[in-house]
> 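I have a structure here, written as structure tokens, and I will follow up with some questions on it.
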Amino acid sequence: MARPDPHSYNDDSQVATVSFDLIARIDFEHRTLHGDVTLAFREPAAVTGPLDLDTRDLAIDAVTDAAGQSFEYVLHPPEPILGARLSITLPAGATAVRIRYRTAPEASALQWLAPAQTAGGKQPFLFSQCQAIHARSIVPLQDTPRLRVRYTAELEIPQNLRAVMAAAHRARIDAVDTVIGMAIERFEMPQPIPPYLFAFAVGDLASRDLSERSRVWAEPAMLEAAAYEFAGVEAMMLAAEALFGPYDWERFDVLTMPPSFPYGGMENPRLTFITPTVIAGDRSLLGVIAHELSHSWTGNLVTNATAEHFWLNEGFTVYAERRIIEALDGPEAAALDAALGRRELDQAIARFATRPELTRLRTQLAGIDPDDAYSQVPYEKGCFFLNALELVVGREAFTAWLRRYLEAFRFSAITTDDFLGHFEATFPGALATVDAPRWLDGDGLPPNAPRPQSQRLEAIERLAGALPDVAVAKQWTPVEWQIYLDSVPRPASLDLLQTLEAEHALTASTNYEILVAWLTLALGSKMRSVLPRVEEVLGTVGRMKYLRPLYGALIAEPATRDVATRLFERHRDTYHPISRQLVDGLLRAATAG
Ligand code: BES
Ligand code: ZN
């Protein structure tokens, strides 16, 4: 027996699931999903033997064959990172297993929102977030990206709500055949996916078409603004297809999430999830859409075999995202994004000073929770590595190779070695030229990392944190603002900060990227007048990209540390389980150190 994925109980000598059929009743009152899932195998079990599934916090009620004949099973005690192994004894020839179960109210993949936490304020909301290893808290399955599955799902939901899923919608059944007050929504996922891409949401949702193959979903109060912001999605899809080949998932719909969504975006196939913080009113933060769309090729088609090769998902996707931005907005815009990425990478490497092994591209994560290993390293170091290779072989040849790589590995899961083999076969010697082993298995960033080139970047760097000319700064994009604010040495003089505030009203900014960069600088410079705005942000938004620097700055300063504690106490129950874990960790590290 062998367990090829350190984050799954999957044993590759056992049968593999190829599809599942899920029936689930969504119980908002008890924050429980009552599930009935049938897993179908690739081939009948050859001999009597165990099948190990991943579960977390699931109550198992019955394990049978498709006809209801019981199978023996053991639900093992939970382990901290993996969860509980469900070991089922299959009779020889078994082709499927059916499991009835219930989720826990604290299921790590789910956030149950009270009506007050939504834009409309009247209806509850539920959404899932399965990457990296949370799918097992909603469905018992082989929760490893090595195994792809197709699925059908039937969700029973309150009739005044709507369900959306990262799958094709097949039917909605109201009243007839359903419990009073409930409706059924049916979905089918025709393309095989790794389990971390299983996703759905239930709430008061409305939609608007953006093009023939794209629509935006949002709470009614947000729909207008979301439709305006994302109007350019089809143009972005065309740019992506011109670069990477035909879009393989039929639809690219966008779901505008509640503000507590812990990520900027999540590339759930056919239905990308996007934080509402990108709705700035001026379409200035669409890099997140370019990123999630890019995953339709890099990640969703060509998938990392385990979280240890996560850079294959994210590094390639950042590379692809910047190619789209370059095609649509020009090379200056892409270079500025890369320059900001470089700053974020340097900060991530500094944060991992005591765990340098997590600054490698190829990681070893046995005993490590992927959520704890998460950083900008696989994103930005991964992208810079690809940039370095591109510089050696040339843009045209690199792009042609990328298309062949996507074609060769589509709908499969690969490791870093698979990538290396394919690249070496196309460009013998190129990997050695950039010292690929240093990039992949070395700590930090190699000295030969390419430097983003941009005139606008140089203009900001020349300022060296001094006050910019008002008229010049008025023309800055959010990325230029972030690079500038980030470059101001801390603590900044109150004089500088007050002039910036007087000239640009940064505390009132409704652009979250600018706002959070500003508030972080202000807190790091003891400018206490921003505290009410910081409290407002931390009480509204759950995106970890913003929680981390803001809580971090509050905690770093002894005078505001108790503000952080108090805010977390007040909001912890309304934060997503993953965001809660992040802030909890920041506070613990502060009290321990
Ligand atoms: N797939 C990630 C989000 C993710 C990664 C969730 C790992 C759980 C575990 C998504 O594509 C992503 O990278 N989002 C970024 C967007 C950014 C790079 C534009 C984010 O949320 O910050
Ligand atoms: Zn990503």
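Each ligand, and each atom within it, is numbered from 1 in the order the structure gives.
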> Just wondering, do W217 and F273 contact through their side chains at under 4.5 Å, heavy atoms?
no
> Quick one: do the T303 and R148 side chains pair a donor with an acceptor below 3.5 Å?
yes
> Give the table of side-chain donor-acceptor pairs shorter than 3.5 Å for residues 328-335, with sequence neighbours excluded, one pair per line with atom names and distance.
residue : atom : partner : partner atom : Å
E332    : OE1  : S454    : OG           : 3.0
E332    : OE1  : R456    : N            : 3.3
E332    : OE2  : Q455    : N            : 3.0

> Compare E380, Q131, H134, E292 and give the one whose heavy atom is closest to atom 11 (O) of ligand 1.
E292
> Using the six-membered ring wherever Trp is involved, compare the ring planes of H571 and Y575 and label them parallel, tilted or perpendicular (cut-offs 30° and 60°).
tilted
> What protein heavy atom sits nearest atom 10 (C) of ligand 1, and how far off is it?
G265 O, 3.2 Å
> Check whether any side-chain heavy atom of V516 lies under 4.5 Å from a side-chain heavy atom of T277, and answer yes or no.
no
> Quick check: does F310 get an N/O under 3.5 Å from an N/O on ligand 1?
no
> Rounded to 10 degrees, what angle sits at the Zn ion (ligand 2) between H295 NE2 and H291 NE2?
100°
> Compute whether any side-chain donor of one residue and acceptor of the other, for Q482 and R343, lie under 3.5 angstrom apart.
no
> Mark up the atoms of ligand 1 that fall under 4.0 Å of a heavy atom belonging to E267, in ascending order.
1 (N), 2 (C), 10 (C), 11 (O)
> Which residues satisfy the ring-ring contact (aromatic ring centres under 6.0 Å, His included) test with W297, sequence neighbours excluded?
F244, Y247
> For N/O/S atoms only: which one belongs to E314 and is nearest the Zn ion (ligand 2)?
OE1
> So for K545, does at least one of its heavy atoms come nearer than 4.0 angstrom to any atom of ligand 1?
no
> Hey, what's the ring geometry for W481 with Y484, parallel, tilted or perpendicular (30° and 60° as the breaks)?
perpendicular
> For Y196 and ligand 1, answer yes if some heavy atom of the residue is under 4.0 Å from a ligand atom, otherwise no.
no
> Would you mind listing which atoms of ligand 1 come within a distance below 4.0 Å of any non-hydrogen atom of Q129?
6 (C), 8 (C)
> Can you find an N or O of G264 that's nearer than 3.5 Å to an N or O of ligand 1?
yes
> If only side-chain N and O atoms count, and only distance matters, is there a donor-acceptor pair under 3.5 Å linking S294 with T317?
no
> Pull out every atom of ligand 1 sitting under 4.0 Å from any heavy atom of H295, numbered as shown with elements.
11 (O)
> Regarding atom 12 (C) of ligand 1: of the candidates Y379, Y263, Y374, which has the closest heavy atom?
Y379
> Pairs of nitrogen or oxygen atoms closer than 3.5 Å, one from E314 and one from ligand 1: do any exist?
yes
